[in-house]
Amino acid sequence: MGFLSVLSMAHQMIRERIQPGDIVIDATAGNGVDTRFLAELVGPRGVVYAFDIQEAAITATRKRLEPLEEHKLLPDLRLVFDSHEAMDRHVEQDHAGNVAAAMFNLGYLPGADTSVITKTDSSIAALETAVSLLKPGGIITCVLYPGHPGGGDEAEAVLQWTQALSSVKGQAVLYRMAQKEAAPFLIAIERSRKQS
């Protein structure tokens, strides 16, 4: 048995911390895989926010969640056609500081125009916002893809941002293949349980 993929490791980390009824965020809805994963974890009493700047992603995500809706298992779903950078404008005020998890899967939408990619500045702004929205002990997972044009710069900038993150705000771990520099890797941040 080999190591878990970065996506499987992100799911494992999230699964260990999420309870039915929690509030969660998919910062990059894409094809809806992570959104559905989060929706199944939080259940009908939970809240899921999912952000994407591409209408095709919002449509694909809505379609992927149809089976949950048909079986009345869909949480309070907020599909937001906007950048993850704007999540603080869309997350309800009483949900701020109560978010259990936020998932980021940076890069481009598989099967779509590969020139439309996440951008370093907006991704870091979104990560900063996500940290502030988490409840103590909440988690962020961020999968980065240095192997595509623009991905290496974004991955390095996010890594540097994470390394500079104050331990008062959160603790970060890195899950990466040491011998393959261009391979996708995972950064996870756990919000500090004790806030100053």
Side-chain angles (χ1 to χ4, degrees), residues 4 6-30 33-43 45-52 75-78 80 82-107 118-145 154-176 184-196:
L4 290 176
V6 291
L7 296 172
S8 295
M9 178 60 82
H11 281 204
Q12 180 173 312
M13 289 177 164
I14 296 285
R15 190 181 295 109
E16 291 172 352
R17 290 166 174 81
I18 300 303
Q19 302 296 322
D22 276 343
I23 302 161
V24 293
I25 296 171
D26 184 351
T28 49
V33 174
D34 289 339
T35 308
R36 178 154 177 179
F37 169 73
L38 290 168
E40 289 173 346
L41 289 177
V42 302
R45 294 183 297 121
V47 179
V48 178
Y49 291 91
F51 295 84
D52 212 288
D76 180 355
L77 179 64
R78 319 282 180 91
V80 182
D82 201 352
S83 171
H84 53 202
E85 182 180 19
M87 73 173 67
D88 59 340
R89 294 198 298 267
H90 297 282
V91 173
E92 286 184 20
Q93 190 172 1
D94 61 337
H95 291 167
N98 293 305
V99 173
M103 298 187 79
F104 288 74
N105 197 350
L106 302 182
T118 53
K119 303 291 187 189
T120 301
D121 291 345
S122 63
S123 294
I124 289 175
L127 284 161
E128 288 176 351
T129 299
V131 170
S132 72
L133 293 172
L134 288 180
K135 67 182 183 181
I139 186 172
I140 294 169
T141 60
C142 183
V143 177
L144 297 127
Y145 298 86
E154 181 179 48
E156 183 58 32
V158 170
L159 183 57
Q160 288 179 14
W161 172 82
T162 306
Q163 291 167 337
L165 183 69
S166 165
S167 60
V168 172
K169 288 186 177 180
Q171 297 294 321
V173 296
L174 179 64
Y175 183 73
R176 184 175 206 169
F185 65 94
L186 168 67
I187 292 172
I189 300 165
E190 183 182 57
R191 178 83 171 163
S192 295
R193 294 179 187 274
K194 294 181 181 178
Q195 302 298 309
S196 59

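This chain uses plain numbering: 1 for the first residue, then up along the sequence. For clarity, every value in this text was computed on a predicted model and none was experimentally measured.
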Does a sphere of radius 6.0 Å around [atom1] in [X] hold more than 12 heavy atoms from other residues, nucleotides or ligands, not counting ones at 6.0 Å or beyond?
| X | atom1 | result |
| --- | --- | --- |
| Q93 | CD | no |
| D121 | CG | no |
| R15 | CZ | yes |

For [X] against [Y], the heavy-atom pair lying closest together:
| X | Y | answer |
| --- | --- | --- |
| Y175 | F185 | O-CB, 3.4 Å |
| R17 | M13 | NH1-O, 3.0 Å |
| A130 | A102 | CB-CB, 4.2 Å |
| P75 | V48 | CG-CG2, 3.7 Å |
| A96 | V91 | N-CG1, 4.3 Å |
| L174 | I187 | CD1-CG1, 3.9 Å |

First locate atom [atom1] of [X], then atom [atom2] of [Y], and finally report the distance between them rounded to the nearest 0.5 Å.
| X | Y | atom1 | atom2 | answer |
| --- | --- | --- | --- | --- |
| R45 | Q19 | CZ | CD | 10.0 Å |
| Y49 | D26 | OH | CG | 14.0 Å |
| I14 | Q12 | CD1 | CD | 11.5 Å |
| H90 | S83 | NE2 | OG | 9.0 Å |
| E92 | R78 | CD | CZ | 4.0 Å |
| I189 | F104 | CD1 | CZ | 8.5 Å |

Run the side chain to side chain contact (heavy atoms under 4.5 Å, CB included) check on H84 and T118 step by step: do they pass? CA-CA 10 Å; H84 53 202; T118 53; 4.2 Å; yes
Begin from the C-alpha positions of V99 and M87 and carry the test side chain to side chain contact (heavy atoms under 4.5 Å, CB included) through to its verdict. CA-CA 12 Å; V99 173; M87 73 173 67; over 6 Å; no
Using side-chain heavy atoms (C-beta onward) and a distance below 4.5 Å, is L77 in contact with T35?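 L77 vs T35: side chains touch.
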Any non-hydrogen side-chain atom of V158 less than 4.5 Å from a side-chain atom of I124?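 Yes, their side chains come closer than 4.5 Å.
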Run the side chain to side chain contact (heavy atoms under 4.5 Å, CB included) check on D34 and N105 step by step: do they pass? CA-CA 9 Å; D34 289 339; N105 197 350; 4.0 Å; yes
Within the distance-only criterion (no hydrogens, no angle test), does the side chain of [X] pair as donor or acceptor with the backbone N or O of [Y] below 3.5 angstrom?
| X | Y | result |
| --- | --- | --- |
| S166 | V168 | yes |
| S123 | T120 | no |
| T141 | L186 | no |

Do H11 and F37 make the cut of ring centroids closer than 6.0 angstrom?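 For H11 and F37, the ring centres are under 6.0 Å apart.
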The test is salt bridge (charged side-chain N to carboxylate O under 4.0 Å, His left out); show your working for D22 and K135 and say whether it passes. CA-CA 11 Å; D22 276 343; K135 67 182 183 181; 3.6 Å; yes
Under the side chain to side chain contact (heavy atoms under 4.5 Å, CB included) rule, what do V47 and V42 come out as? Steps first, then yes or no, please. CA-CA 7 Å; V47 179; V42 302; over 6 Å; no
